[in-house]
Undergrad: 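Pasting in a structure now, in structure tokens, and then I'll have a few things to ask.
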Amino acid sequence: MKTVLLALLENALAEAREKGFLKDTERPPLVLEVPKREDQGDFATTLALSLAKTQKKAPREVAAELVSLLEGRSDAVQKIEVAGPGYINFYMTQQFWLESLLTVHRERSNYGHCDLGENKKVHIEFVSANPTGPLHVASGRSAALGDALGHLLTAVGYRVSREYYLNDIGVQMTLLGRSTYLRYRELFGETVTLPEESYQGDYIIDIAKKLKERDGEAYLQGTETKHLPVFISYSYETIIGWIREVLDRFGVDFDTWFSEREIHEKKEVDAALARLKSKGMLYQEEGATWVSTTKYGDDKDRVVIKSDGRKTYFASDVAYHRNKFERGYDRVINILGADHHGYVGRLKAVVAAMGYAPDRLTVITHQLVNLLREGVAVKMSKRAGDFVPLQEVIDEVGVDATRFFFLMRRSDTAVDFDLELAKKASNENPVYYVQYAYARLCSIVRVAEEQGWDLSKTIQETKLEDLRSLNLDEERALIKQLAQYPEMIRGAAEALEPHRITFYLQALAGMLHSYYFKCRVVTEDRAQTHARLVLIAAVRIVLKNGLDLLGITAPERM
RNA sequence: GCGCCUGUAGCUCAAUUGGAUAGAGCGCCGGCCUCCGAAGCCGGAGGUUAGGGGUUCAAUUCCCUUCAGGCGCACCA
């Protein structure tokens, strides 16, 4: 959209040099922004302000020179002015804006997409909660964020894979199995004492009951050690089932589920350690094997093989990340809760130590979700069984509202999630404001069609001249907002910040609502109705596109 | 003690990556349905951007510092 202006600026700079207005210094980056206020133009640049210093001239003087070289060079531009300390403000012609409106209809569900990602492969790992219990609300934030990011990156031209990493081996699996085993014996009337470190939530009892139903008394005789594998695998499979189910309901679809156990079985940990060794990054000390992550900025070196010969969890993660890169991903994104942020340094360090360019790995840490119940903090511990499952929130608040709630926040702010408040507030959730705008537009279209309008045919046959009547302030504002959508998407993708989409959509919905109140779309005036239908249909497309990226439904009625 | 994140309207959060007069929602006050959906619209009150210093034409944004909150600092996973 801005390309016309950027080219103009480029030319003006070149000419200015030729004519000797400007000394041939390094060209500052050309930046065009959209001013907040109408009377500051449709676009503005601070070019003259940033040039002023190197040119040793007054900013307004530089601006005036540039303007003289810009004026009359493009029929998309109506007026150019110098304002304030040296801004150059551009006012675009109506034609320019109407063309941008038609672009929305030309591209429809692809409107806002681009090829920023150059078809590169991106791997996004998220949620990855231990399979030792149902997902809790906090995982919902990770799920919503990762999924929306996936949609967003797909839209800007990446090939995205979503992956869940399963910690399906190690002490917590053993603990899980033992917890179920004890509950199982309890079901037969035994009094058991649950060790403090065992999983104590009621869901363990449910698993034990199901196993009892299936296999009866089969595990009462014989030692715990003998039966443990059954209890581990049964508990694990059951829980994975729950996790998949709730994620499915939440609208999150993982392409792959990656098993930590497999990475051990396939000797990939050894391969990763060998790679580190070949780079001279490993050393022995006090009977353990360490990796020199400090050479790449970590706080301290890390143990990969303990003195008892067992590999650390970190060793698996090293292997896992080697695996990601070896699978051919150009970019690897890892979404972690802030409680794991201490992990980022060593992860980035070890990736660099293995010889992969460190900027190929991006770790997004999102701050934690503080759970409240009527204003009082709930201590969440899966082990003690005191936590609010994501399932419960979805049931009571709904998928759309929950997703929107999490996606409204920048990931590095902590959020309070008050279950009681969320239930009360669900009717006031901003998501309904956006969805209502969409439903309202669908309703207008229905009315128009009842009166004989064929929307798609009308749009198809629309010429720019048919839209000339769209010159109310509200209409111009709407069109400008629509025109900004592609750039908003691009910016959100570059910054990996899906929350920008939620704010954009709220703004667009707000503009639509007030336009609706002020102007009637379907009237006796055929020409005006035609133009307005084209406008609101474009709004409808953009609302839908944005909601799709967030994984939120766009209901035609509500 | 060290490190990371955060501090913006009463509350929950934005702010075009350093730009012009810091914006929304909720809540509060006052208006608007004979009319395409009132889950909506219009108006009002509400701010020393935690405090202090610095960098420059320009700072909520970058640097230093103080204070406050969250999280992390294992041969655990």
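As the structure is a prediction and not an experimental result, all values here were calculated from the model. Naming convention: chains lettered A, B, ... in sequence-line order (proteins, then strands); numbering from 1 in each chain. When reading the values below, keep in mind they use all heavy atoms of this one structure, side chains included, and skip hydrogens, waters and symmetry mates.
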Undergrad: For B/G25, what is the paired nucleotide under Watson-Crick or G-U wobble rules, both distances under 3.5 Å?
TA: B/C11
Undergrad: If the P atom of B/G27 is compared with that of B/G70, how far apart are they to the nearest Å?
TA: 29 Å
Undergrad: Let's see if you get this right: which residues in residues 502-512 of chain A place a heavy atom under 4.0 Å from RNA chain B?
TA: A/F503
Undergrad: Starting the side chain at C-beta, find the nucleotide from B/C41, B/A20, B/U16 nearest to A/S514.
TA: B/C41
Undergrad: In the strands shown, is B/C36 matched to any nucleotide by a Watson-Crick or G-U wobble pair with both distances under 3.5 Å, and which?
TA: none
Undergrad: For atom CD of A/E285, is the number of surrounding heavy atoms from other residues, nucleotides or ligands below 6.0 Å larger than 12?
TA: yes
Undergrad: According to a strict under-4.0 Å criterion, is A/Y165 in side-chain N/O contact with OP1 or OP2 of B/A77?
TA: no
Undergrad: Output the single nucleotide from B/U6, B/C41, B/U21 whose closest atom is nearest the side chain of A/D412.
TA: B/U6
Undergrad: Once you apply a heavy-atom cut-off of 4.0 Å, does A/M558 come out as touching a base, just sugar-phosphate, or nothing?
TA: base
Undergrad: Considering only side-chain heavy atoms of A/S443, which listed nucleotide, B/G40, B/G37, B/U16, is closest?
TA: B/G37
Undergrad: From the set B/A20, B/G37, B/C36, return the single nucleotide nearest to any side-chain atom of A/V447.
TA: B/C36
Undergrad: Between B/C41, B/U6, B/U12, which one does the side chain of A/R409 approach most closely?
TA: B/U12
Undergrad: Is A/H499 near enough to B/A15 that one of its side-chain N or O atoms lies under 4.0 angstrom from OP1 or OP2?
TA: yes
Undergrad: Can A/V291 and A/V318 be said to form a side-chain contact (heavy atoms from CB on, under 4.5 Å), step by step?
TA: CA-CA 10 Å; A/V291 51; A/V318 174; 5.9 Å; no
Undergrad: Considering only the P atoms, how many Å lie between B/G37 and B/U49, rounded to the nearest integer?
TA: 45 Å
Undergrad: Would you indicate what A/C519 reaches in the nucleic acid, counting non-hydrogen atoms under 4.0 angstrom: base, sugar-phosphate, or nothing?
TA: base
Undergrad: For B/C71, decide between syn and anti, treating a glycosidic angle within 90° of 0 as syn.
TA: anti
Undergrad: Heavy atoms only, 4.0 Å cut-off, all strands: where does A/R310 land among base, sugar-phosphate and nothing?
TA: nothing
Undergrad: Where is the tightest heavy-atom contact between A/L336 and A/V363, given as atom of each residue plus distance?
TA: CD1-CG1, 3.8 Å
Undergrad: Measuring only the C1' atom in each nucleotide, how far is B/C67 from B/G51? A whole number of Å is fine.
TA: 7 Å
Undergrad: For A/R178, is the CZ atom crowded, meaning more than 12 foreign heavy atoms sit under 6.0 Å from it?
TA: no
Undergrad: Could you grab the distance from atom CZ of A/R540 to atom CD of A/E556, nearest 0.5 Å is fine?
TA: 7.0 Å
Undergrad: Got A/S100 and A/I479 here, is their nearest side-chain heavy-atom distance under 4.5 Å?
TA: yes
Undergrad: Taking only the P atom of each, what is the distance from B/G10 to B/C5 in whole angstrom?
TA: 27 Å
Undergrad: Given the P atoms of B/G23 and B/U60, what is the spacing between them in whole Å?
TA: 13 Å
Undergrad: Just call it for A/N89: base, sugar-phosphate, or nothing, with non-hydrogen atoms closer than 4.0 Å on any strand.
TA: base
Undergrad: If each of A/F517 and A/T46 is mapped to the nucleotide of RNA chain B with the nearest heavy atom, which maps nearer the 5' terminus, i.e. the 5' end?
TA: A/T46
Undergrad: Looking only at atom P, what distance separates B/C2 and B/C64, rounded to whole Å?
TA: 15 Å
Undergrad: Between B/U66 and B/G46, how many Å separate the two P atoms, rounded to a whole number?
TA: 36 Å
Undergrad: RNA chain B: A/I169 or A/G84, which has the more 5' nearest nucleotide?
TA: A/G84
Undergrad: Check whether any side-chain N or O of A/Y313 sits under 4.0 Å from OP1 or OP2 of B/A77, and answer yes or no.
TA: no
Undergrad: Quick one: label A/A437 by what it contacts on the DNA or RNA (base, sugar-phosphate, nothing), any heavy atom closer than 4.0 Å.
TA: nothing
Undergrad: What contact category does A/V171 fall into here, base, sugar-phosphate, or nothing, at under 4.0 angstrom with non-hydrogen atoms?
TA: sugar-phosphate
Undergrad: Of the nucleotides B/C57, B/G37, B/U16, which has the atom closest to the A/L49 side chain?
TA: B/C57
Undergrad: Find the partner of B/C71: check Watson-Crick (N1-N3 plus N6-O4 or O6-N4) and G-U wobble (N1-O2, O6-N3) distances, both under 3.5 Å, and reply none if neither fits.
TA: B/G3
Undergrad: Can you check whether A/R532 has a side-chain N or O nearer than 4.0 Å to OP1 or OP2 of B/C36?
TA: no
Undergrad: Could you please name the partner base of B/U49, counting Watson-Crick and G-U wobble pairs only when both distances are under 3.5 Å?
TA: none
Undergrad: Base, backbone or nothing for each nucleotide of nucleotides 68-75 of chain B, written B, S, -, heavy atoms under 4.0 angstrom, 5' to 3'?
TA: ---BSSSB
Undergrad: With both distances under 3.5 angstrom, what nucleotide forms a Watson-Crick or G-U wobble pair with B/G30?
TA: B/C42
Undergrad: Write down the distance separating the C1' atoms in B/A9 and B/C29, rounded off to the nearest Å.
TA: 16 Å
